[in-house]
Amino acid sequence: MLREVAAAGSTSISINTQKRHFNEDNCWNTQSVPENYVAAAGSTSFSINTQRSHLNADSCLNTQSVPYNCYSCTLEFDGASKGNPGQAGAGAVLRAEDGSVVYRLREGVGIATNNVAEYRALILGLKYALQKGYKHIRVQGDSKLVCMQIQGLWKINNQNLAGLCKEAKELKEKFQSFQINHILRNLNSEADAQANMGIYLKDGQVEAECSSFTK
């Protein structure tokens, strides 16, 4: 390991990074990172250390970037119900790894609660992602109930929701990696817009918009 030292006082700053190792199965090549660097110039010192990360196929989504051939995407989902229960719609947005929108999806849910519509939106997005060949998926929505129940952290008392949760979990197991996070409502506006459009569709009717560069 190479080390460069420059001295000019008593302050030291050290940054240590170690190489991350990825194999071909994880869609990564071994990458080189800077070796140890130490500089001194003053009387205050601090250090930043990053440790070696070992990633497998199941943790591809935790990396900062995933090559295109890993088929990674982000799913945003939301549901809407006019009356709760009332006429309801489901909405989902699929994004590529760079954040660009790939698909906008909406589905009519019929007369249902907002929670049912949100589960239908999640299922809609997961099915579409699998259909299009995505293997790694990040999911985010403003329904804390759905996010917590999918992770098994909250109990399900409603039988209808239990069936929808079971279906969603079966779909998530088909991905090589899956991650779901709760986000604030104002960060989920595009999926919300699709859900509100879905209200005017018949129960089970799906509409999809895709960008020109999709598969």
For this session: Report whether Ile183 and Val101 are members of the same hydrophobic cluster (ILVMFWY, side-chain heavy atoms less than 4.5 Å apart, transitive linking).
Result: no

Exercise. For Ala191, does its backbone N or O pair with a side-chain atom of Asp78 as donor and acceptor, under 3.5 Å?
Worked result: no

Exercise. Do Arg95 and Glu76 have side chains that get closer than 4.5 Å, going by heavy atoms?
Worked result: yes

Problem set entry | Heavy-atom pair of closest approach, residues Gly89 and Ala117 | O-CB, 3.5 Å

Exercise. Under a 4.5 Å side-chain heavy-atom rule over Ile, Leu, Val, Met, Phe, Trp and Tyr, are Leu171 and Tyr134 clustered together?
Worked result: yes

Exercise. Do Lys127 and Glu107 sit within salt-bridge range, that is, some charged N less than 4.0 Å from a carboxylate O?
Worked result: no

For this session: Looking only at non-hydrogen atoms, find the nearest pair between Ile111 and Gln87 and report the distance.
Result: CD1-OE1, 3.3 Å

For this session: Starting at CG of Leu126, measure out to CD of Glu170 and round the result to the nearest 0.5 Å.
Result: 12.0 Å

Exercise. Do Leu161 and Val146 sit in the same hydrophobic cluster, where Ile, Leu, Val, Met, Phe, Trp and Tyr count as joined when their side-chain heavy atoms come under 4.5 Å apart?
Worked result: yes

Problem set entry | Flag, side chain of Gln151 to backbone of Cys147, donor-acceptor distance under 3.5 Å | yes

Exercise. Taking a hydrophobic cluster as the set of Ile, Leu, Val, Met, Phe, Trp and Tyr residues connected by side-chain heavy atoms closer than 4.5 Å, whether directly or through intermediates, do Val102 and Met197 fall within one such cluster?
Worked result: no

Exercise. Does a sphere of radius 6.0 Å around CD in Gln131 hold more than 12 heavy atoms from other residues, nucleotides or ligands, not counting ones at 6.0 Å or beyond?
Worked result: yes

Problem set entry | pair Trp154-Lys144: side-chain heavy atoms closer than 4.5 Å | yes

For this session: Would you sort out whether Lys169 and Glu173 count as a salt bridge (charged side-chain N to carboxylate O under 4.0 Å, His left out), showing the intermediate values?
Result: CA-CA 6 Å; Lys169 286 183 175 180; Glu173 292 301 323; over 6 Å; no

Problem set entry | Gap separating the CG atom of Asn181 from the CG atom of Leu187, nearest 0.5 angstrom | 12.0 Å

For this session: First locate atom CZ of Phe77, then atom CG of Leu94, and finally report the distance between them rounded to the nearest 0.5 Å.
Result: 12.5 Å

Problem set entry | Nearest-0.5 Å distance that lies between atom CG in Asn196 and atom OG in Ser189 | 11.5 Å

For this session: Looking only at non-hydrogen atoms, find the nearest pair between Ala121 and Ala92 and report the distance.
Result: O-CB, 3.9 Å

Seminar exercise, completed: Interatomic distance, CD1@Ile137 vs CD@Gln179, rounded to 0.5 Å, equals 11.0 Å

Exercise. Between Ala168 and Ile123, which heavy-atom pair has the shortest distance, and what is it?
Worked result: CB-CG1, 4.0 Å

Exercise. Is it true that Ile199 and Val116 fall in one hydrophobic cluster, defined by side-chain heavy atoms closer than 4.5 Å?
Worked result: no

For this session: Enter the distance from Leu153:CG to Leu145:CG here, rounded to the nearest 0.5 Å.
Result: 11.5 Å

Problem set entry | Minimum side-chain heavy-atom gap Ile150-Leu122 below 4.5 Å | yes

Problem set entry | Close side-chain approach of Tyr119 and Thr113, heavy atoms under 4.5 Å | no

Exercise. Is Arg138 salt-bridged to Glu97, going by a charged N under 4.0 Å from an acidic O?
Worked result: yes

Problem set entry | side-chain contact (heavy atoms from CB on, under 4.5 Å) between Glu207 and Gln194, intermediate numbers included | CA-CA 10 Å; Glu207 290 184 351; Gln194 298 304 310; over 6 Å; no

